[in-house]
Amino acid sequence: MISEKPRVRFAPSPTGYLHIGGLRTALYNFLFAKQTGGSFVLRIEDTDRARLVEGAAENLIATLEWAGLHFDEGPGREGDFGPYTQSERLSIYSEHTDKLIKNRDAYYCFCTKERLDALRDEQRSRGEQTLYDKHCLNLTDEEVKRSIAEGKPFVIRLNVKHGKKVKIHDLIRGVVEFDTSLIDDQVLIKSDGFPTYHLANVVDDHLMKITHTIRGEEWLPSTPKHVLLYESFGWEVPQFAHLPLLLNPDRSKLSKRQGDVAVEDYRAKGYLKEALINFIALLGWNAGDDREFYYMDELIKSFSIERINKSGAVFNLEKLDWLNAEHLRAKSDEELARLLREELNATGCAGNSYEEAFLVKVVQSMKERVKFIKEIPVNAGYFFTSPSEYEEKGVQKAWKEDTPALLKGYISKLNALSEPTKEGYENALRSTAEEAGVGAGKLIHPVRLAISGVSSGPGLFDIIDALGKEETIRRINSAIEKLAVKQ
RNA sequence: GGCGCGUUCGUCUAGCGGUUCAGGACGCUGCCCUCUCAAGGCAGAGAUCACGGGUUCGAAUCCCGUACGCGCUACCA
């Protein structure tokens, strides 16, 4: 067999946002394509006109691009096999069903919804399989022509020959066998003239020279229908890989109701794309070692379809949060400062009014204390606005009778610093304490309270260094005043 | 109901017949570090490998059955 470059595809339907499960499917396809030097194709499956959501396709593409899953061919990036939007390929599908009809592998069906419902009810009441009874297969060509001429609505069905076995070789699950007697005569073309997923998917995968169909496990039961179609057309069947599902905490298929499922939701919450990609890559796959931290290029190197798990994986937020923190800390201070500035701007906190050096100091002191950039202005607002109140518990614990005097002593030492540095601030404080004959803690805690309003946070001298001498002195004086009134 | 897939700590997982009375990670608990909070380091609790039969000298690992879970069963994808 001549080894050709693999071609894989991600084929979402534009019915809303990009689902986190869809992102993982897209990611696995992408990783496989990049690793093998193959192509990653994006195809929009918009054959259900009822569920179509305007702008969804554009949104899908934007989200994919945000996540770094750039496609080689797709809408707006035409390759040799377009168009890549199924609604623009209608004539292709009808040409192909014509061939099927000629060979009696497909047939027109004029049955009404009422007859179909009644048939199903009857079969169900007898405890039988609910399969179409091939009623319209017996129509003569004349009858078909007449009905079409009369304008009767029709669908085109696949003519499944019963009593055979269809074997599927799945890259993840091995051989899976189905009995064709249990396979329904699937509708291929709907009465609105649009193809169903089953037909469009097979025709497009073949025409677009897709070598590996990597998709969610929910497609496994309909794969024999697809194989039958490939055989009817006389086409080679691609390799299949059915991915395990992503699950809710109660182990049902990941859905809204039990949390966020849209990639946009996670993006809006402040998750880094690096963390999200890293996390979902590990949901159902691992390299066989203990490694947990990956960048995209490393995933591309390590990924393998063979090592994808068979069972579903619960989407566990806690671990995602941890990974987000890991990726956050792995970023440079300059990058983090940029992200912080963006966050401040986005929340109306005038991020552009701050100097780069200041923002760098803020992220340096905060990056090990947060999981999200968003948390910095919330948890450490004192970097941006001076405290208006002081944490009650901290005041009780750290603010003693001799505190104001000690603080004043520190202020005069600060004032004496001509070129303040972090070490300078610290030496000044320690010498103040020493001269007063008290431990440094007697001064550190009230100073922290005075300049931040709270009793926990980064190292005190890091905060002072970021705020600067003048602001620090101002805040200490302000605290002496305010807390004196209280006591 | 039928068909299909799955089943190792709470969760993500390693394990592909023996060196594993099951290893790592998240989370949890404790200790160390320390001006606080984190981060980090160390330690700990946590899995009769769903259950029952086989096969084998030997099974989490192979086979069969059962149970449970999930998916599919549309002119939705």
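Per chain, numbering begins at 1; letters A, B, ... match sequence-line order. Every value quoted in this text rests on a predicted model; they were computed, and no experiment measured them.
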Q) Between B:U13, B:A74, B:C75, which nucleotide gets closest to the side-chain atoms of A:Ala313? A) B:U13
**Q.** Selected nucleotide, minimal atom distance to A:Glu368 side chain, candidates B:A14, B:A38, B:C26
**A.** B:A38
Q. Which nucleotide sits closest to the side chain of A:Lys371: B:G71, B:G6, B:G27?
A. B:G27
Q) Nearest 0.5 Å, what's the CD-CG distance between A:Glu54 and A:Asn59? A) 12.5 Å
Q.
Does A:Ser311 reach a base, just sugar-phosphate, or nothing at all? Heavy atoms under 4.0 Å.
A. sugar-phosphate
Q) Would you say B:A38 has OP1 or OP2 under 4.0 Å from some side-chain N or O of A:Lys367? A) no
Q: Measure from CZ on A:Arg9 to C1' on B:A77 and round the result to the nearest Å.
A: 12 Å
(Q) For a quick check of understanding: with a heavy-atom distance under 4.0 Å over all strands, which category does A:Pro153 fall into, base, sugar-phosphate or nothing? (A) nothing
**Q.** Short side-chain N/O contact to B:C70 OP1/OP2 from A:Asn248, under 4.0 Å
**A.** no
**Q.** Residues A:Lys161, A:Glu231: salt bridge by 4.0 Å N-O rule
**A.** no
(Q) Over all strands shown, is A:Gly216 touching base, sugar-phosphate only, or nothing at heavy-atom distances under 4.0 angstrom? (A) nothing
Q) Between B:G4 atom P and A:Lys167 atom NZ, what is the distance in whole Å? A) 14 Å
(Q) Within the structure provided, determine whether A:Asp48 and A:Tyr197 are in side-chain contact (heavy-atom separation under 4.5 Å). (A) no
Q: Would you mind classifying the nucleic acid contact of A:Val314 as base, sugar-phosphate or nothing, using non-hydrogen atoms under 4.0 angstrom?
A: sugar-phosphate
**Q.** Atom C1', compared across B:G65 and B:G44: separation rounded to whole Å
**A.** 40 Å
Q | Between P of B:A74 and CD1 of A:Ile156, the distance in whole Å | A | 20 Å
Q) What does A:Arg448 touch in the nucleic acid at a heavy-atom separation under 4.0 angstrom: a base, only the sugar-phosphate, or nothing? A) base
Q: For the pair A:Glu426 and A:Arg430, find out whether any cationic side-chain nitrogen is under 4.0 Å from an anionic carboxylate oxygen.
A: yes
Q: Describe the nucleic acid contact of A:Glu292 in one word from base, sugar-phosphate, nothing, applying a heavy-atom distance below 4.0 Å.
A: base
Q) So what does A:Leu460 hit on the nucleic acid, given a heavy-atom distance under 4.0 Å: a base, only sugar-phosphate, or nothing? A) base
Q.
If you only use heavy atoms from C-beta on, which nucleotide in B:A77, B:U13, B:A25 is closest to the side chain of A:Thr196?
A. B:A77
**Q.** Rounded distance (Å) that lies between atom P of B:U73 and atom CG of A:Leu119
**A.** 17 Å
Q | Identity of whatever pairs with B:C37 - Watson-Crick or G-U, under 3.5 angstrom | A | none
Q. Watson-Crick or G-U wobble partner for B:G44, using a 3.5 Å limit on both distances?
A. B:C28
**Q.** Residue closer to the 5' end of RNA chain B, A:Arg307 versus A:Pro249 (nearest nucleotide)
**A.** A:Pro249
Q: Kindly indicate whether the side chain of A:Lys253 and the base of B:C70 share any N or O donor-acceptor pair separated by less than 3.5 Å?
A: no
Q: Would you state whether a donor and an acceptor, one from the side chain of A:Arg369 and one from the base of B:C37, lie under 3.5 Å apart?
A: yes
Q | N/O (side chain, A:Asn316) to phosphate O (OP1/OP2, B:G27) under 4.0 Å | A | no
Q: Could you check which nucleotide pairs with B:G71 in any of the strands shown, counting Watson-Crick or G-U wobble with both distances under 3.5 Å?
A: B:C3
Q: Look through every strand shown and name the nucleotide pairing with B:U19 as Watson-Crick or G-U wobble, where both distances are under 3.5 Å.
A: none
Q.
Both A:Phe461 and A:Leu220 contact RNA chain B. Which one's nearest nucleotide lies toward the 5' end?
A. A:Leu220
Q. Rounded to whole angstroms, how far apart are CZ on A:Phe178 and C1' on B:C5?
A. 9 Å
Q. Which one is paired to B:U66, where only Watson-Crick or G-U wobble pairs with both distances under 3.5 angstrom count?
A. B:A50
**Q.** Interatomic distance where NZ belongs to A:Lys310 and P belongs to B:U8 [whole Å]
**A.** 13 Å
Q: Taking only the side-chain heavy atoms of A:Leu283 (C-beta and beyond), determine which of B:G24, B:C12, B:U7 contains the nearest atom.
A: B:C12
Q. Looking only at atom C1', what distance separates B:C68 and B:C28, rounded to whole Å?
A. 28 Å
Q: Name the nucleic acid region contacted by A:Gly457, choosing base, sugar-phosphate or nothing; use a 4.0 angstrom heavy-atom cut-off, strictly under.
A: base
Q: Output yes when at least one side-chain N/O atom of A:Asn286 is less than 4.0 Å from OP1 or OP2 of B:A14, else no.
A: yes
Q) Taking OH from A:Tyr107 and P from B:C75, how many angstroms apart are they, rounded to a whole number? A) 11 Å
**Q.** P gap between B:C12 and B:U20, integer Å
**A.** 26 Å
Q. Within the pair A:Arg126 and B:G2, is there a side-chain N or O less than 4.0 Å away from OP1 or OP2?
A. no
(Q) By the 4.0 Å heavy-atom rule, please label A:Arg329 as base, sugar-phosphate, or nothing. (A) sugar-phosphate
(Q) Between B:C5 and A:Arg173, counting only base atoms on the nucleotide and side-chain atoms on the residue, is there a donor-acceptor pair under 3.5 Å? (A) no
**Q.** Sugar-phosphate, base or nothing in reach of A:Ser13, heavy atoms under 4.0 Å
**A.** sugar-phosphate
Q: Find the distance A:Glu128:CD to B:C3:P and express it as a whole number of Å.
A: 14 Å
Q: Between B:G27, B:C72, B:U36, spot the one nearest the side chain of A:Pro221, thanks.
A: B:C72
Q. Can you tell me how far P in B:G4 sits from the matching atom in B:G46, rounded to whole Å?
A. 40 Å
Q: Tell me the partner of B:U61, counting only Watson-Crick (N1-N3 plus N6-O4 or O6-N4) or G-U wobble (N1-O2 and O6-N3) with both under 3.5 Å; none if nothing fits.
A: none
Q.
Checking contacts here: which listed nucleotide (B:G71, B:C75, B:C3) is nearest the side-chain heavy atoms of A:Lys190?
A. B:C75
Q) Is any side-chain heavy atom of A:Pro195 closer than 4.5 Å to a side-chain heavy atom of A:Leu90? A) yes
(Q) Under 4.0 Å, heavy atoms only, any strand: does A:Glu326 hit a base, just the sugar-phosphate, or nothing? (A) sugar-phosphate
Q: May I ask which nucleotide in the shown strands pairs with B:U55, Watson-Crick or G-U wobble, both distances under 3.5 Å?
A: none
Q. Quick one: does A:Tyr93's side chain get under 4.5 Å of A:Phe194's, heavy atoms only?
A. no
Q: Have a look at A:Thr15 and say if it touches a base, only the backbone sugar-phosphate, or nothing, with a 4.0 Å heavy-atom cut-off.
A: nothing
**Q.** Parallel, tilted or perpendicular: ring planes of A:His226 versus A:His198, cut at 30 and 60 degrees
**A.** tilted
(Q) Cation-pi check for A:Tyr266 against A:Lys269: NZ or CZ below 6.0 Å from the six-membered ring centre and within 45 degrees of the axis, yes or no? (A) yes
Q: May I ask you to decide whether A:Arg115 forms a salt bridge with A:Asp133, counting only side-chain N to carboxylate O separations under 4.0 Å?
A: yes
**Q.** Strand partner of B:A14, provided both Watson-Crick or wobble distances fall under 3.5 Å
**A.** none
